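First up is the structure itself, then whatever we jot down about it.
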Amino acid sequence: MAKLDILSYPDPRLHIVAKPVAQVDDRIRQLVKDMAETMYEAPGIGLAATQVDVHEQVIVIDVSETRDELRVFINPEIVWASDTRKVWEEGCLSVPEIYDRVERPDRVRVRALNENGEAFELEADDLLAVCIQHEIDHLKGKVFVEYLSPLKLNRIKSKLQKRTRVKA
């Protein structure tokens with residue numbers, strides 16, 4: 001399994017809207033394995049295919065303490081979100097070392113396919129709900145820092161661009 005490269009914000013490829021997966025086949029299953037390995041090594045709790053420059057609707061998530069409860073969401077769609085909202089501190093593998101508070105619905109129901117192409121629905125709350133919404137945003141070309149004020153967003157962009165120049 002190959003570890004994939006994670007795009008860093010503000011890379012414009014993070015804003016490409018992912019296309020639905022037409023068929024869950026061996027290529028998609030290999031992508032899921034590679035994404036899971038990449039997420040665990042990073043380490044993170046969620047990864048969208050957009051973040052590894054694959055613009056198809058595939059997400060891997062594991063919010064367990066033991067890091068052994070991988071969840072796969074192919075063509076995920078939020079079919080219900082609660083009216084009640086909660087603020088969580090979020091981070092992102094594409095925005096390293098940046099954390100900030102984002103308000104989102106505190107519960108969601110998502111419909112998706114698993115790695116075998118089987119449809120399922122899942123109701124999630126707490127961290128899993130936040131992670132699902134965060135990763136689906138990636139598939140729509142949105143990064144969590146874009147929920148922040150323009151001032152905070154510009155500071156984050158400047159900081160990350162400076163960091164990139166220093167590494168080059």
Side-chain angles (χ1 to χ4, degrees), residues 1-63 70-78 81 88-104 108 110-115 117 127-168:
M1 292 192 298
K3 183 173 178 272
L4 305 169
D5 290 329
I6 298 172
L7 299 177
S8 291
Y9 187 80
D11 191 309
R13 293 172 290 179
L14 289 168
H15 293 105
I16 296 172
V17 176
K19 295 182 178 3
V21 171
Q23 181 181 352
V24 179
D25 54 16
D26 288 342
R27 180 184 67 82
I28 294 297
R29 282 186 279 279
Q30 186 62 52
L31 175 62
V32 165
K33 287 178 188 171
D34 291 346
M35 286 174 60
E37 177 188 356
T38 302
M39 176 189 71
Y40 287 127
E41 280 185 27
I45 60 170
L47 187 66
T50 301
Q51 293 176 271
V52 294
D53 203 18
V54 176
H55 304 284
E56 293 181 87
Q57 295 180 7
V58 179
I59 293 170
V60 295
I61 294 175
D62 188 342
V63 296
L70 182 68
R71 297 175 186 263
V72 176
F73 301 84
I74 298 169
N75 299 339
E77 173 188 8
I78 293 175
W88 285 82
E89 184 160 278
E90 295 187 29
C92 181
L93 295 175
S94 291
V95 192
E97 300 171 27
I98 304 290
Y99 299 89
D100 215 313
R101 298 163 58 81
V102 176
E103 183 179 318
R104 298 183 184 271
V108 295
V110 62
R111 179 181 304 137
L113 302 175
N114 66 18
E115 62 273 23
L127 183 57
L128 181 57
V130 170
C131 196
I132 288 168
Q133 293 172 82
H134 177 112
E135 300 306 335
I136 287 176
D137 276 353
H138 277 299
L139 298 180
K140 294 177 179 177
K142 187 165 186 172
V143 180
F144 91 97
V145 293
E146 294 164 357
Y147 285 101
L148 307 177
S149 72
L151 179 63
K152 279 187 176 181
L153 182 58
N154 285 331
R155 284 182 181 161
I156 290 167
K157 278 184 183 176
S158 295
K159 183 177 183 177
L160 293 175
Q161 286 169 336
K162 279 181 193 168
R163 194 182 296 163
T164 303
R165 282 195 299 271
V166 169
K167 286 182 184 177

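All values reported here derive from a predicted model rather than from experimental measurement. Reckoned from all heavy atoms, side chains included, excluding hydrogens, waters and symmetry mates.
Within the 4.5 Å cutoff, side-chain heavy atoms of Leu153 are placed close to those of Tyr9. When side chains are defined from C-beta on, Glu103 does not count as touching Tyr147, because their heavy atoms never get closer than 4.5 Å. When side chains are defined from C-beta on, Ile132 does not count as touching Pro76, because their heavy atoms never get closer than 4.5 Å. Taking the side chain as every heavy atom from C-beta outward, Lys162 and Lys159 never approach each other to under 4.5 Å. With contacts defined as side-chain heavy-atom distances shorter than 4.5 Å, the pair Val143/Glu146 qualifies. In this structure, Phe73 and Ile136 have side chains that are not in contact, with every pair of non-hydrogen atoms separated by 4.5 Å or more. At a threshold of 4.5 Å between non-hydrogen side-chain atoms, the residues Val145 and Asp100 do not count as touching.
With rounding to the nearest 0.5 Å, the separation of CG in Leu14 from NE2 in His55 is 8.0 Å. The line from CD1 of Ile59 to CG of Leu139 is 4.0 Å long, rounded to the nearest 0.5 Å. Between Met35 atom CE and Ile6 atom CD1 the span is 9.5 Å, to the nearest 0.5 Å. Thr38 OG1 to Leu31 CG: the interatomic distance, rounded to the nearest 0.5 Å, is 9.0 Å. Atom CG in Asp11 sits 11.5 Å away from atom CG in Leu160 (nearest 0.5 Å).
A donor-acceptor contact shorter than 3.5 Å links the side chain of Gln133 to the backbone of Ala129. Judged by distance alone, with hydrogens and angles left aside, the side-chain atoms of Glu56 form no donor-acceptor pair with the main-chain N or O of Val21 at under 3.5 Å. Asp137 places no side-chain N or O within donor-acceptor distance of the main-chain N or O of Lys140, the cut-off being under 3.5 Å. Using modelled atom types, no side-chain atom of Asn75 and backbone atom of Pro20 make a donor-acceptor pair closer than 3.5 Å.
Judged purely by distance below 3.5 Å, without hydrogens or angles, the side chains of Gln30 and Asp34 pair a donor atom with an acceptor atom.
Taking the side chain to side chain donor-acceptor pair (under 3.5 Å) definition, one finds that Glu97 meets it with nothing, sequence neighbours left out. Evaluation of the ring-ring contact (aromatic ring centres under 6.0 Å, His included) rule for Phe144 yields His134 as partners, not counting sequence neighbours.
Other residues, nucleotides and ligands contribute more than 12 heavy atoms inside 6.0 Å of the CG atom of Asp25.
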Considering only distance and modelled atom types, tabulate donor-acceptor pairs under 3.5 Å from the side chains of residues 45-52, sequence neighbours left out.
residue	atom	partner	partner atom	Å
Thr50	OG1	His138	O	3.4
Gln51	OE1	Ala48	N	2.9
Gln51	NE2	Ser94	OG	3.1

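Of all heavy-atom pairs spanning Val130 and Glu90, the tightest one is CG1-OE2, 3.6 Å. Closest heavy-atom contact between Leu93 and Pro43: CD2-O, 3.7 Å. Nearest heavy atom pair, residue Leu7 against residue Arg13, reads CD2-NH2, 3.1 Å.
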(request) Take Glu135 and Arg71 through the test salt bridge (charged side-chain N to carboxylate O under 4.0 Å, His left out) and record every step on the way to the result. (result) CA-CA 12 Å; Glu135 300 306 335; Arg71 297 175 186 263; over 6 Å; no

(request) Could you walk me through whether Arg29 and Val24 pass side-chain contact (heavy atoms from CB on, under 4.5 Å), step by step? (result) CA-CA 7 Å; Arg29 282 186 279 279; Val24 179; 3.8 Å; yes

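Note that Lys3 lies outside the cation-pi zone of Tyr40, set by a 6.0 Å cut-off to the ring centre and a 45° limit from the axis.
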